[in-house]
Amino acid sequence: MEDLINGRCGWCGTDELYMAYHDQEWGKLVTDDKTLFEFLVLESSQAGLSWITILRKREGYRKAFCDFDTERVAQMTDEDVERLMRFEGIVKNRQKIKSTITNARLFLAIQKEFGSFYNYTLSFFPDRKPIINTFRSLSEIPVTSPESEAMSKDMKKRGFKFFGPTICYAHLQASGFINDHLIDCVCRKG
């Protein structure tokens, strides 16, 4: 894979949806919990699949999971799981659907304990500040970090599903706690 394509990190290629996601969202710090929950749902749904697959189903996930309203998702029942198993707009994986509901309940518990999921996430970072990496090549970007490993381990202990260190790292990249835009990417120069 080329490091840069059209001045962007090469992983997004030339797909318009992927480029828009790269330019407008990926690596930009997210401070609101609703968006952090959305990224958590999407990233955990991605486990074992390509990110573009989930990105193309994002609107389906938005409809299926109450516009990512954590409290409403946390109240979903087995009946909702069965309904979502027939819903066309998402990946129909019973374990992932059930884990989204479980993860919503655990997300709410973290909000209660830490004041926000944003505060919880920052608790895994040195000086409670996001990390801005200075990679020149896609091959330099790791798939995990000490922060993603510690956060994933803590979340697993709390009962979160489909959120191992690699998925956690992708979540931290997407939500800007770790900025991995290559040094020569247009998003680093703006």
Legend entry - Contact check, side chains of Asn119 and Ser123, non-hydrogen atoms, under 4.5 Å: no
Inset, instruction - Report the residues that fulfil salt bridge (charged side-chain N to carboxylate O under 4.0 Å, His left out) with Lys156, sequence neighbours left out, ordered by chain and then residue number. - result: none
Inset, instruction - Would you indicate whether Lys153, at its atom NZ, is surrounded by more than 12 heavy atoms from other residues, nucleotides or ligands within a distance under 6.0 Å? - result: no
Inset, instruction - Please indicate whether Glu79 has more than 12 foreign heavy atoms, meaning atoms of other residues, nucleotides or ligands, lying under 6.0 Å from its CD. - result: no
Inset, instruction - Would you please indicate if the ring centroids of Trp51 and Trp26 are separated by under 6.0 Å? - result: no
Legend entry - Phe114-Tyr118 aromatic ring centre distance below 6.0 Å: no
Legend entry - Other residues, nucleotides, ligands: >12 heavy atoms within 6.0 Å of Lys28 NZ: yes
Inset, instruction - Taking atom CD of Glu71 as the centre, report whether more than 12 heavy atoms of other residues, nucleotides or ligands fall under 6.0 Å from it. - result: no
Inset, instruction - Please check if the side chain of Tyr61 supplies one atom and the backbone of Val91 the other of a donor-acceptor pair under 3.5 Å. - result: yes
Legend entry - Residues that Glu147 engages under salt bridge (charged side-chain N to carboxylate O under 4.0 Å, His left out), provided they are two or more places apart: none
Inset, instruction - Using modelled atom types only, decide if a donor and an acceptor are shared between the side chain of Lys161 and the backbone of Ser44 within a distance under 3.5 Å. - result: no
Legend entry - Non-neighbouring partners of Glu82 that pass salt bridge (charged side-chain N to carboxylate O under 4.0 Å, His left out), sequence neighbours left out: Arg94
Legend entry - Heavy-atom side-chain proximity of Leu17 to Tyr21 below 4.5 angstrom: no
Inset, instruction - Identify the two heavy atoms, one from Thr144 and one from Pro142, that lie closest to each other, and give their separation to 0.1 Å. - result: O-CB, 3.3 Å
Legend entry - Side chain Asp67, main chain Asp69, donor-acceptor under 3.5 Å: no
Inset, instruction - Check the side chains of Thr100 and Asn103 for a donor-acceptor pair under 3.5 angstrom, ignoring hydrogens and angles. - result: no
Legend entry - Those residues that, when tested against Leu84, pass side-chain contact (heavy atoms from CB on, under 4.5 Å) (two or more places apart): Ala64, Phe65, Met76, Phe87, Ile90, Ile97
Inset, instruction - Check for a donor-acceptor pair, side chain of Asn6 on one end and backbone N or O of Arg8 on the other, with a separation under 3.5 Å. - result: no
Legend entry - N-O pairing of Asp154 and Arg158 below 4.0 Å: yes
Inset, instruction - Answer yes or no: is there a donor N or O on one side and an acceptor on the other, between the side chain of Lys96 and the main chain of Phe162, under 3.5 Å? - result: no
Legend entry - Pair Phe117 + Phe107: ring centers closer than 6.0 Å: yes
Legend entry - For Arg105, salt bridge (charged side-chain N to carboxylate O under 4.0 Å, His left out) partners two or more places apart: none
Name each donor-acceptor pair under 3.5 Å that joins a side chain in residues 164-177 to protein atoms two or more places apart or in another chain, with its distance.
unit_1: Tyr169; atom_1: OH; unit_2: Asp180; atom_2: OD2; d: 2.6
unit_1: Gln173; atom_1: NE2; unit_2: Asp180; atom_2: OD2; d: 2.9
unit_1: Ser175; atom_1: OG; unit_2: His171; atom_2: O; d: 2.6

